[in-house]
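If you're wondering where the values come from, they're calculated on a predicted model, not measured in any experiment.
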Amino acid sequence: MATRMDLDGRPVKPMTICMIGAGGFIGSHLCEKLMAETPHKVLALDVYSDKIKHLLEPDSLPWAGRIVFHRLNIKHDSRLEGLIKMADLTINLAAICTPADYNTRPLDTIYSNFIDALPVVKYCSENNKRLIHFSTCEVYGKTIGSFLPKDSPLRKDPAYYVLKEDTSPCIFGSIEKQRWSYACAKQLIERLIYAEGAENGLDFTIVRPFNWIGPRMDFIPGIDGPSEGVPRVLACFSNNLLRREPLKLVDGGESQRTFVYIKDAIEAVLLMIENPDRANGHIFNVGNPNNEVTVRQLAEMMTKVYAKVSGEPSLESPTIDVSSKEFYGEGYDDSDKRIPDMTIINRQLGRLEPQDNALGLA
């Protein structure tokens, strides 16, 4: 394997990475990338290994020995600090991050995303280990524009809805809207990491993913996951299409999202891993501002693609409107738009060019 160079033309030294949540959607793709393209070692920590099984067996794989799986729950495992000490870098991907859980399991959501992450930050800080922490675009909450009158021309001004790491406020709904339990816990752990950097010199990078999509992202209820539970929007729609049911549009499907394909997003993460001088101390949005659709448009797009692939005609009424209360339960709320400003990441890590065909690939 040729020596890898960083963005400043210096050789990248092979490192050991402690990856918490390595068995999840993002972790599995990041492990694949690290095994296929770099000499780095991965200590893969998770409760499940199904999504990375293909990287762990058989022993004859070209990267055998460079990835070692440790089955553990960071909540209560005394091995955690030792594994962080063994590594040069810790990447924390562990989280409850399914929207259906935020208002139905708010306590689990807050504990998982704040309390359980505390020891990870503490061990990295105390042992002078670098941390890449995965947060979420949900920390921004609602846009300023969403509070303007519906017919205000200011709603079209990007200053009121494009989300910037260093200037956009984090605006959440009232305490009764428990959907914001996730965003609030994620924001607080970000503030704690930032404070550790300022007061104790922790080397950190915070990643805010904007709707990363791709294989292994989610489950289809009753097929490759529990029959109960509500997955994210792409899996929900796929499930409806497979069962020939109308796609449910929550509150009319008016929310807008920008999607980015997982492989494009992982490119950015690898740059953060291998360019600490450029990445440390920064919060990075990672998304594709040019790939925006409403949830209704996404439903129409997926209906067309599915009809083409399956050869089955679309239903006469392919979508139905449902209220958020009916779909998610009491205490749900939503953000209107999520468009990342990419100025900081493009300045620090070179211009990222995510493909605009992420939805087609999905």
Side-chain angles (χ1 to χ4, degrees), residues 25-26 29-30 91 93 95 97 99 113 132-147 154-172 180 182-184 186-187 189-191 193-194 204-214 217 232-234 254-273 275 278-279 281-295 297-298 334-362:
F25 163 53
I26 295 173
H29 286 276
L30 186 50
I91 300 176
L93 290 148
C97 51
N113 292 295
I132 295 180
H133 181 83
F134 271 72
S135 185
T136 169
C137 58
E138 290 232 358
V139 296
Y140 292 107
K142 299 173 179 240
T143 65
I144 300 171
S146 68
F147 292 92
L154 290 177
R155 276 180 172 250
K156 292 193 167 56
D157 182 343
Y160 291 92
Y161 62 82
V162 173
L163 302 167
K164 300 187 177 196
E165 300 96 328
D166 53 349
T167 57
S168 293
C170 303
I171 309 171
F172 303 147
W180 301 110
Y182 172 68
C184 204
K186 282 290 204 182
Q187 188 206 128
I189 198 74
E190 277 199 27
R191 291 191 184 276
I193 291 165
Y194 201 90
F204 72 87
T205 303
I206 291 169
V207 187
R208 290 179 180 164
F210 277 70
N211 294 88
W212 297 6
I213 60 171
M217 174 185 176
R232 297 177 193 86
V233 65
L234 278 135
E254 295 309 307
S255 294
Q256 292 172 277
R257 297 289 179 264
T258 53
F259 292 94
V260 66
Y261 193 57
I262 183 71
K263 302 274 193 259
D264 292 335
I266 291 297
E267 291 287 342
V269 180
L270 189 55
L271 288 171
M272 294 173 209
I273 291 170
N275 293 274
R278 289 174 177 241
H282 287 285
I283 299 172
F284 291 126
N285 288 340
V286 181
N288 184 354
N290 306 314
N291 220 9
E292 189 185 29
V293 289
T294 65
V295 173
Q297 286 169 327
L298 174 66
D334 207 354
S335 53
D336 51 327
K337 285 165 89 71
R338 288 197 199 135
I339 301 177
D341 180 274
M342 299 291 280
T343 308
I344 294 178
I345 194 166
N346 286 338
R347 183 187 71 216
Q348 292 301 117
L349 300 176
R351 192 152 190 87
L352 301 173
E353 300 289 352
Q355 303 298 307
D356 285 347
N357 62 349
L359 295 171
L361 284 166

Item to complete: Measure the spacing between CD of Gln187 and OH of Tyr182 and express it to the nearest 0.5 Å.
Response: 13.0 Å

Worksheet item: So, for Phe210 and Gly287, which heavy atoms are closest and what is the spacing to 0.1 Å?
Response: CB-CA, 3.9 Å

Discussion item. Are there over 12 heavy-atom neighbours, none belonging to Arg191, within less than 6.0 Å of that residue's CZ?
Written reply: no

Item to complete: Start with the C-alpha gap between Glu292 and Ile339, add the side-chain angles, then the distance that decides, and say whether side chain to side chain contact (heavy atoms under 4.5 Å, CB included) holds.
Response: CA-CA 8 Å; Glu292 189 185 29; Ile339 301 177; 3.5 Å; yes

Worksheet entry | Main-chain N/O of Phe134 paired with Lys186 side-chain donor or acceptor, under 3.5 Å | yes

Worksheet item: Is it true that Tyr194 and Phe204 have ring centroids separated by less than 6.0 Å?
Response: yes

Practice prompt. Write down the atom of Asn211, the atom of Cys137, and the distance for their closest heavy-atom approach.
Written response: OD1-SG, 4.2 Å

Worksheet item: To the nearest 0.5 Å, how far apart are CD1 in Ile266 and CD1 in Ile26?
Response: 6.5 Å

Worksheet entry | Shortest non-hydrogen separation from Ser146 to Thr143 and the atoms involved | OG-O, 2.7 Å

Worksheet item: Do the non-hydrogen side-chain atoms of Val286 and Val260 ever get within less than 4.5 Å of each other?
Response: no

Discussion item. Ignoring hydrogens, what is the shortest heavy-atom contact between Glu138 and Ala183? Give both atom names and the distance.
Written reply: O-CB, 3.2 Å

Worksheet item: Name the one of Asp334, Asp336, Thr294 that satisfies side-chain hydrogen bond (donor to acceptor under 3.5 Å, both in side chains) with Ser255?
Response: Asp334

Discussion item. Do Ile262 and Met217 make a side-chain contact, defined as non-hydrogen atoms from C-beta onward lying under 4.5 Å apart?
Written reply: no

Worksheet item: Got a sec, which residues hit ring-ring contact (aromatic ring centres under 6.0 Å, His included) with Phe284, two or more places apart in sequence or on another chain?
Response: His282

Worksheet item: Run the side chain to side chain contact (heavy atoms under 4.5 Å, CB included) check on Arg338 and Tyr140 step by step: do they pass?
Response: CA-CA 9 Å; Arg338 288 197 199 135; Tyr140 292 107; over 6 Å; no

Worksheet, complete the sentence: Tightest non-hydrogen contact, residues Thr205 and Ala279, listed as OG1-O, 3.0 Å

Practice prompt. State the OG-CD distance between Ser335 and Gln256, to the nearest 0.5 angstrom.
Written response: 10.5 Å

Item to complete: Can you measure from OG1 (Thr343) to CG (Asn285) and round to the nearest 0.5 angstrom?
Response: 9.0 Å

Practice prompt. Take Leu271 and Leu352 through the side chain to side chain contact (heavy atoms under 4.5 Å, CB included) test and state the conclusion after the steps.
Written response: CA-CA 10 Å; Leu271 288 171; Leu352 301 173; 3.9 Å; yes

Discussion item. If the condition is side-chain contact (heavy atoms from CB on, under 4.5 Å), which residues does Glu190 pass it with, not counting sequence neighbours?
Written reply: Ser135, Val139, Ile206, Arg208, Ile283

Discussion item. Could you measure the distance from the CD1 atom of Ile171 to the CZ atom of Phe147? Nearest 0.5 Å is fine.
Written reply: 5.0 Å

Worksheet item: When rounded to the nearest 0.5 angstrom, what is the spacing between CD1 in Ile344 and CD in Glu165?
Response: 4.0 Å

Discussion item. If you define the side chain from C-beta out and look only at heavy atoms, does anything of Cys184 sit under 4.5 Å from Phe172?
Written reply: yes

Fill in: side chain to side chain contact (heavy atoms under 4.5 Å, CB included) between Leu30 and Ile273, intermediate numbers included
CA-CA 11 Å; Leu30 186 50; Ile273 291 170; 4.1 Å; yes

Worksheet item: Within a radius of less than 6.0 Å around NZ of Lys164, do more than 12 heavy atoms belonging to other residues, nucleotides or ligands occur?
Response: no

Fill in: Under the side-chain contact (heavy atoms from CB on, under 4.5 Å) test, residues paired with Arg278 that sit two or more places apart
Leu7, Asp8, Asn275, Gln348, Leu349

Worksheet item: Of the non-hydrogen atoms in Val269 and Trp212, which two are nearest, and what is the gap between them?
Response: CG2-CH2, 3.8 Å

